Amino acid sequence: SQTIHQWPATLVQPVGSPLSLECTVEGTSNPNLYWYRQAAGRGLQLLFYSVGIGQISSEVPQNLSASRPQDRQFILSSKKLLLSDSGFYLCAWGSWKQQYFGPGTRLTVT
Amino acid sequence: LAKTTQPISMDSYEGQEVNITCSHNNIATNDYITWYQQFPSQGPRFIIQGYKTKVTNEVASLFIPADRKSSTLSLPRVSLSDTAVYYCLVGDVKGRDDKIIFGKGTRLHILP
């Protein structure tokens, strides 16, 4: 069966520091992968999606970037965090028909 | 993807049937309607998906009228654990558009 992992589960980082969040999927090949962010009390905002290795589509211009170095690995990065980057970051795999979400990373930028 | 409109929040009581309606006036021929449930500090979870008329599973029912411009998620006999945010999405069944747009959802609060 398929499993999706995210780490870390929680993270507190100062403004201006770098960020790296990792997502890995097991049990499926060549999945579509997605990064979402959810600010406190808000809906999900699609940040990036990828249909294959090295193929990244950005939905929102910002100081975040994403990479897919391996088929089942998706990384979200930032060189310098902003206060507005705080939120709940979710990785998902699947397609429009059905998406499967990971446990999420709670990021607090101080 | 078609835009959807849902109530921002709803309250109900344990044991009641809850109906959450979603409007999607611009739904396209190939679009399906999908509902997700999200508990606090968790990712959304797929509940149900349908194209027309009625779909039922062990969790919920989905009612879609003939014009498909709206849909209603029905949760029978809710309990406190059904308190969550419910998202309605519409999109191309063939997956030609790989993007999924989550709106703000409906915050359902079940009272004892």
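Values below: all heavy atoms of this structure, side chains included; hydrogens, waters and symmetry mates excluded. So you know, we letter chains A, B, ... as the sequences are listed, proteins then strands, and number each from 1. The structure presented is a predicted model; accordingly, all values stated were derived computationally and were not measured.
Of the atoms belonging to A:Gln6, not a single heavy atom falls under 4.5 Å from chain B. Using a 4.5 Å cut-off between heavy atoms, B:Gln42 touches chain A through its backbone atoms (N, CA, C, O) alone.
Against chain B, the residues from residues 79-92 of chain A that qualify, each with a non-hydrogen atom under 4.5 angstrom away, are A:Phe88, A:Leu90 in number order. Proximity to chain B at a heavy-atom threshold of 4.5 Å picks out A:Phe101, A:Gly102, A:Pro103, A:Arg106 from residues 100-110 of chain A, in numerical order. Applying a 4.5 Å heavy-atom cutoff, none of the residues of residues 8-31 of chain A approach chain B.
Put simply, B:Tyr36 and B:Phe63 are part of two different groups of oily side chains (I, L, V, M, F, W, Y) that touch within less than 4.5 Å, one to the next. A continuous path of ILVMFWY side-chain contacts below 4.5 Å connects B:Val55 to B:Ile47, so both sit in one hydrophobic cluster. The hydrophobic clustering, which links ILVMFWY residues whose side-chain heavy atoms are closer than 4.5 Å, places A:Ile75 and A:Tyr34 apart. Both B:Val59 and B:Ile64 belong to a single network of hydrophobic side chains, linked directly or stepwise wherever heavy atoms of I, L, V, M, F, W or Y lie under 4.5 Å apart. No continuous path of hydrophobic side-chain contacts links A:Trp35 to A:Leu44 [ILVMFWY only; heavy atoms under 4.5 Å].
Environment of CZ in B:Phe39: crowded, with over 12 heavy atoms of neighbouring residues, nucleotides or ligands closer than 6.0 Å.
Atom CD in A:Gln38 sits 9.5 Å away from atom CZ in B:Phe102 (nearest 0.5 Å). Within the model, atoms CD of A:Gln98 and CZ of B:Arg45 stand 10.5 Å from one another, a figure rounded to the nearest 0.5 Å.
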With a 3.5 Å cut-off and sequence neighbours excluded, list the donor-acceptor pairs that the side chains of residues 105-112 of chain B form with protein atoms.
residue, atom, partner, partner atom, Å
B:Thr106, OG1, B:Gln6, NE2, 3.0
B:Thr106, OG1, B:Pro7, O, 2.6

